[in-house]
Amino acid sequence: MNGNTALYRHLTALVAVLAVIAILPVFITQRYFLGEIILFMIWASVATQWNVLLGHAGVFSLGQMLFFAIGAYAVGMMGTYFDVSPWLAMPIGAIVAASAALVIGLACLRLETAYVALLTFAIVFMVSTLIRTDAECFITKGGLCTPLFGGGNGFSGFDDLGFRKLLKGKWVVGNYFVVLGVLALSLLASICVIHGRLGLAFRALGDSRIYAAARGMNRTRFHIIAFVITAFFTGLTGAVYAAHFRFAGPSLFEFPTLVFILAIIVIGGLKSTWGPIFGAALMMVLVEFAKEMGDVQNILIGFVLVVFVLIFPKGLAGATSQLAQRISRQQSRKASDTARAI
């Protein structure tokens, strides 16, 4: 399939998907369910960028939640210390996340895959530990001592997006469309990367690194570009997460969250375009179903992940694609048999 044709096809699908999500508040008015859809959009956005980095660029990084947290902390810290509106803090958080990715990428991405995963995970663990153990008072506000990076409690209570005053009881709808806008930007960027010239470079490097290098392609440079781009949109998603929940804390670094996002990618389909959307939808339903099960929830997530790895290694997107191809072949065979009979 021609690259431009694939790009236009996926952009058309993007418009359709966003239109469906945009009209959901007309039929779903309960705040709880709208909040669950907001969470779905946030995790789908993070998984989409991680899928670009891991599945398409081939960068085995475990540091994406760090960039998510950087975006969230930028909103929390700027709102707490300087009373900066989240509308201004969100793009700043994304830029800071991309800048951090550039520094980390220059240090890590010259290594091979396993070492990149270990080093990026070590950086996340180090930053998380430093934040949790930060107990020295930086400012005193409302009689409470706040460490520079919030310590174990993090930041909360800073300004929201302003829809509580504007829309009153329906403020969550305003937040809903802001998160939808971030998801739209994330999906648009991923489609343009995957089906554009950058995605072509990733496929060339994946097929034959030696041949690609002989053609003048620098693997490290392309990996750093992917690292920075995905960090920008992951940081932007983290920023809108903080703006919606009015919270940024060390819980964003927790290992179960990392596993949850990786499960979304694997279940949806690694190296796919729409897999993270499918995976996020299924995982949100699964988590909702198992919400009252306590620790059994993590066991259930692990079980579903193992089932998909063994039975559907290409995830929901791959299984859907294979089913569509099988139906197409059957229809073509029936049409051919009918033509011969005539």
Legend entry - N175 and D160, any side-chain heavy atoms less than 4.5 Å apart: no

Inset, instruction - Give a yes or no answer on whether the side chain of R203 reaches the backbone of I194 with a donor-acceptor pair at less than 3.5 Å. - result: yes

Inset, instruction - Provide the full list of side chain to side chain donor-acceptor pair (under 3.5 Å) pairs with a residue in residues 21-40, sequence neighbours left out, each pair given once. - result: Y32-E288, Y32-K291

Legend entry - Backbone of G76 reached by a side-chain donor or acceptor of T80 within 3.5 Å: yes

Inset, instruction - Could you check whether the rings of Y73 and F253 sit parallel, tilted or perpendicular, using 30° and 60° as the cut-offs? - result: tilted

Legend entry - Q64 (side chain) donor-acceptor with Q49 (main chain) under 3.5 angstrom: no

Inset, instruction - Look only at the side chain of R132 and the backbone of G151, and say whether a donor-acceptor pair between them is shorter than 3.5 Å. - result: no

Inset, instruction - Compute the ring centroids of F68 and Y241, then answer whether they are less than 6.0 Å apart. - result: yes

Inset, instruction - Please work out which of the three classes, parallel, tilted or perpendicular, describes the rings of W87 and F163, given edges at 30° and 60°. - result: perpendicular

Inset, instruction - Run the numbers on T230 and S190 for side-chain contact (heavy atoms from CB on, under 4.5 Å), then give the verdict. - result: CA-CA 8 Å; T230 56; S190 70; over 6 Å; no

Inset, instruction - Examine distances only and state if a side-chain atom of T120 and a backbone atom of A117 form a donor-acceptor pair shorter than 3.5 Å. - result: yes

Inset, instruction - Look only at the side chain of R246 and the backbone of G157, and say whether a donor-acceptor pair between them is shorter than 3.5 Å. - result: yes

Inset, instruction - Could you walk me through whether W43 and T237 pass the side-chain contact (heavy atoms from CB on, under 4.5 Å) test, one step at a time? - result: CA-CA 9 Å; W43 298 137; T237 306; over 6 Å; no

Legend entry - N/O donor-acceptor pair under 3.5 Å between S321 side chain and A317 backbone: no

Inset, instruction - Check the pair L262 / W50 against side-chain contact (heavy atoms from CB on, under 4.5 Å), numbers first and verdict last. - result: CA-CA 8 Å; L262 285 175; W50 208 338; 4.0 Å; yes

Legend entry - Single-linkage hydrophobic cluster V124~V103, side-chain heavy atoms < 4.5 angstrom: no

Inset, instruction - Measure from the side-chain N and O atoms of N51 to the backbone N and O of S272, and report whether any donor-acceptor pair falls under 3.5 Å. - result: yes

Inset, instruction - Spell out, as yes or no, whether a donor-acceptor pair under 3.5 Å connects the side chain of Y81 to the backbone of L148. - result: yes

Legend entry - Greater than 12 external heavy atoms within 6.0 Å of F308's CZ: yes

Legend entry - side-chain contact (heavy atoms from CB on, under 4.5 Å) assessment of M90 paired with L161: CA-CA 10 Å; M90 286 193 295; L161 293 168; 3.9 Å; yes

